[in-house]
Chemist: 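Pasting a structure below so you can have a look.
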Amino acid sequence: MGIVLSNIIAIYRRELQSYFVSPLAYAIAGIFWFIAGLFFVMILLGPDGILVGVAAIDAQGQQLGVPVPPIDVPYEFIRAFLDRMGWLLLFILPILSMGLYAEERKRGTLELLATSPITNWAVALGKLLGVLTFFTTMVVPMLVFEAIAISGSNPPMALSIPLLGHFGLILLAAAILSLGMFISSLTDSTILSAVFTFAVILLLLLIDLIAKIVPGPVGEALGYLSLLKHYNTLIQGIFDTSALILFASYIFLGIFLTAQSIDALRFQRQ
């Protein structure tokens, strides 16, 4: 067990270091911060933003002499911002995951990994943890801005809501990266890997729309597979164990399929 853990840590450190010296990774982080920053400003301060909308509702209520029901601005802001962030992952994460194994194939080092004494599970888990850690570092600056934005709310916002929402964001990212890692292990083309990952994740995000068309138990089963449906549950501050189970299942499935893919390559080499 200790040897397996040390192998996972070694792969994790190697993968994480590769991101912090990669110009592409820094470019992806810059694009992510720029777009996320635009979402942040537009949702909070834009012409159709929450603050402008609340001010308009208050002004209308005063003109009509009608009491306006209280609006939880921090909650609506966090929910709307994390909703946009979930869609942003659809475009950012396939680019992050496309080289996890495709680059190894292109450089010819995947054969070395496939024939090494390190288990395929350890390699896959180490790679996933590395790219997920890099993504988490991309999210941290946005957490700081969010904390500043909601710090002046009265009454103060319960920390459980943004924490659960961001936990859901990390779980969604882990599920997407895990499946993207498997797709990356099937090809030596990073472009193909990114395109197929985008297509698969888009299907899993929107599968609940298909489920509404399909009647009966089949439609209910398809709806349960939707990443977007369960992610929306978490960003609304609702702790749902079925959402955690679904994300964990996708993460495990991606790691399992990746290990089987490399096992098949190892069998071919033997």
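Heavy-atom basis, side chains included; hydrogens, waters and symmetry copies ignored. Remember, predicted model here, so these are calculated numbers, not experimental data.
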Chemist: Using the rule that two of Ile, Leu, Val, Met, Phe, Trp, Tyr join whenever any of their side-chain heavy atoms come within less than 4.5 Å, decide whether Phe39 and Phe34 are in one cluster.
Modeler: yes
Chemist: Do Trp33 and Pro141 have side-chain heavy atoms sitting under 4.5 Å apart?
Modeler: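 Result yes, sub-4.5 Å side-chain heavy-atom pair found.
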Chemist: Look at the side chain of Thr258 and the backbone N and O of Gly254, then say whether any donor-acceptor pair between them is shorter than 3.5 Å.
Modeler: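 Flag set: sc Thr258 to bb Gly254 pair under 3.5 Å.
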Chemist: Can you classify the ring geometry of His230 versus Tyr224 as parallel (below 30°), tilted (30 to 60°) or perpendicular (above 60°)?
Modeler: perpendicular
Chemist: Between CE of Met181 and CG of Leu128, what distance do you get to the nearest 0.5 Å?
Modeler: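 Nearest 0.5 Å value for the CE-CG distance: 5.0 Å.
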Chemist: So, the side chain of Asn232 versus the backbone of Leu228: is there a donor-acceptor pair under 3.5 Å, distance only?
Modeler: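 Flag set: sc Asn232 to bb Leu228 pair under 3.5 Å.
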Chemist: Quick one: does Ser178's side chain have a donor or acceptor within less than 3.5 Å of a partner on Ile251's backbone?
Modeler: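 Checked: pair present.
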Chemist: Give a yes or no on whether Ile28 and Ile191 share a hydrophobic cluster (residues Ile, Leu, Val, Met, Phe, Trp, Tyr; joining criterion: side-chain heavy atoms under 4.5 Å apart).
Modeler: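 No, Ile28 and Ile191 fall in different hydrophobic clusters.
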Chemist: Would you find a donor on one side and an acceptor on the other, under 3.5 Å apart, between the side chain of Tyr75 and the backbone of Pro162?
Modeler: no
Chemist: Is the shortest heavy-atom distance from the side chain of Met138 to the side chain of Ile92 under 4.5 Å?
Modeler: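 Heavy-atom side-chain distance check passes, below 4.5 Å.
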Chemist: Quick check: do Leu96 and Tyr19 have side-chain heavy atoms less than 4.5 Å from each other?
Modeler: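 Touching, per the 4.5 Å side-chain cut-off.
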Chemist: Could you grab the distance from atom CD1 of Ile161 to atom CZ of Arg79, nearest 0.5 Å is fine?
Modeler: 11.5 Å
Chemist: Do Thr133 and Tyr12 have side-chain atoms, one donor and one acceptor, less than 3.5 Å apart?
Modeler: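 Present: a donor and an acceptor within the cut-off.
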Chemist: Look at the side chain of Thr187 and the backbone N and O of Ile183, then say whether any donor-acceptor pair between them is shorter than 3.5 Å.
Modeler: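 Checking the backbone N and O of Ile183 against the side chain of Thr187, no donor-acceptor pair under 3.5 Å is found.
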Chemist: Which pair of non-hydrogen atoms, one from Thr190 and one from Gly99, has the smallest distance, and what is that distance?
Modeler: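 Smallest heavy-atom distance, with atoms named: CG2-CA, 4.2 Å.
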Chemist: Should Ile262 and Ser185 count as side-chain neighbours, where that means a heavy-atom distance under 4.5 Å?
Modeler: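 They are in side-chain contact.
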Chemist: Any side-chain heavy atom of Thr136 within less than 4.5 Å of one from Ile170?
Modeler: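 Result yes, sub-4.5 Å side-chain heavy-atom pair found.
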Chemist: Do you know the tightest heavy-atom contact between Phe135 and Ala173?
Modeler: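 Heavy atoms of Phe135 and Ala173 come nearest at CE2-CB, 3.4 Å.
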Chemist: Drop me the distance from Arg14's CZ to Lys127's NZ, to the nearest 0.5 angstrom.
Modeler: 5.0 Å
Chemist: In Å, rounded to the nearest 0.5 Å, how long is the span from OH of Tyr231 to CG of Leu89?
Modeler: 6.5 Å
Chemist: Can you name the nearest heavy-atom pair linking Leu16 to Gly130, along with the distance?
Modeler: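 Answer, listing the atom of Leu16 first, then Gly130: CD1-O, 3.5 Å.
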Chemist: Report yes if some heavy atom in the side chain of His166 is under 4.5 Å from a heavy atom in the side chain of Glu146; otherwise report no.
Modeler: yes
Chemist: Just by distance, do the side chain of Tyr250 and the backbone of Ile176 share a donor-acceptor pair under 3.5 Å?
Modeler: no
Chemist: Identify whether Leu143 and Leu163 are in the same connected component of the hydrophobic contact network (ILVMFWY, side-chain heavy atoms under 4.5 Å).
Modeler: no
Chemist: Would you check if Leu205 and Trp87 make a side-chain contact, meaning some heavy-atom pair closer than 4.5 Å?
Modeler: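 Yes - at least one pair of side-chain heavy atoms lies under 4.5 Å apart.
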Chemist: Side chains of Leu179 and Leu204, heavy atoms from C-beta outward: is any pair under 4.5 Å?
Modeler: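 Yes. Closest side-chain heavy atoms under 4.5 Å.
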Chemist: Does Ile201 share a hydrophobic cluster with Leu206, counting links as ILVMFWY side-chain heavy atoms below 4.5 Å and allowing steps through other members?
Modeler: yes
Chemist: Begin with the C-alpha distance, continue with both residues' side-chain angles, and end with the deciding distance and a verdict on side-chain contact (heavy atoms from CB on, under 4.5 Å) for Leu253 and Phe182.
Modeler: CA-CA 9 Å; Leu253 178 64; Phe182 163 63; over 6 Å; no
Chemist: Going hydrophobic residue to hydrophobic residue with side-chain gaps under 4.5 angstrom, can you get from Phe239 over to Ile245?
Modeler: yes
Chemist: Going by the side chain to side chain donor-acceptor pair (under 3.5 Å) test, which pairs reach into residues 238-248, not counting sequence neighbours?
Modeler: Asp240-Ser242
Chemist: Identify the heavy atoms of Gly237 and Leu164 that sit nearest to each other, and give their distance.
Modeler: C-CD2, 3.6 Å
Chemist: Output all residues satisfying side-chain hydrogen bond (donor to acceptor under 3.5 Å, both in side chains) with Gln17, sequence neighbours left out; order by chain, then residue number.
Modeler: none
Chemist: First locate atom CD1 of Ile235, then atom CG of Asp83, and finally report the distance between them rounded to the nearest 0.5 Å.
Modeler: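 Those atoms lie 5.0 Å apart.
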Chemist: Using modelled atom types and a 3.5 Å cut-off, is there a donor and acceptor pairing between side-chain atoms of Ser151 and backbone atoms of Ile148?
Modeler: yes
Chemist: Please report the shortest heavy-atom distance between Ile43 and Phe81, naming the atom on each side.
Modeler: CD1-CA, 3.6 Å
Chemist: Please work out which of the three classes, parallel, tilted or perpendicular, describes the rings of Phe256 and Trp121, given edges at 30° and 60°.
Modeler: tilted
Chemist: What is the distance from atom CG of Leu172 to atom CG of Leu246, rounded to the nearest 0.5 Å?
Modeler: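 The distance works out to 10.0 Å.
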Chemist: Which pair of non-hydrogen atoms, one from Ile255 and one from Leu125, has the smallest distance, and what is that distance?
Modeler: CD1-CD1, 3.9 Å
Chemist: Determine whether the aromatic ring centres of Phe77 and Phe40 lie less than 6.0 Å apart.
Modeler: yes
Chemist: side-chain contact (heavy atoms from CB on, under 4.5 Å) between Thr137 and Phe20: does it pass, once the steps are laid out?
Modeler: CA-CA 11 Å; Thr137 62; Phe20 283 103; 4.3 Å; yes
Chemist: Is it true that a side-chain atom of Ser184 and a backbone atom of Met98 form a donor plus acceptor pair closer than 3.5 Å?
Modeler: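 Between the backbone of Met98 and the side chain of Ser184 there is a qualifying donor-acceptor contact (under 3.5 Å).
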Chemist: Taking Leu93's backbone N and O only, do any of them form a donor-acceptor pair with Ser97's side chain (distance below 3.5 Å, no angle check)?
Modeler: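 Indeed, once roles are kept as given, a pair shorter than 3.5 Å links the two residues.
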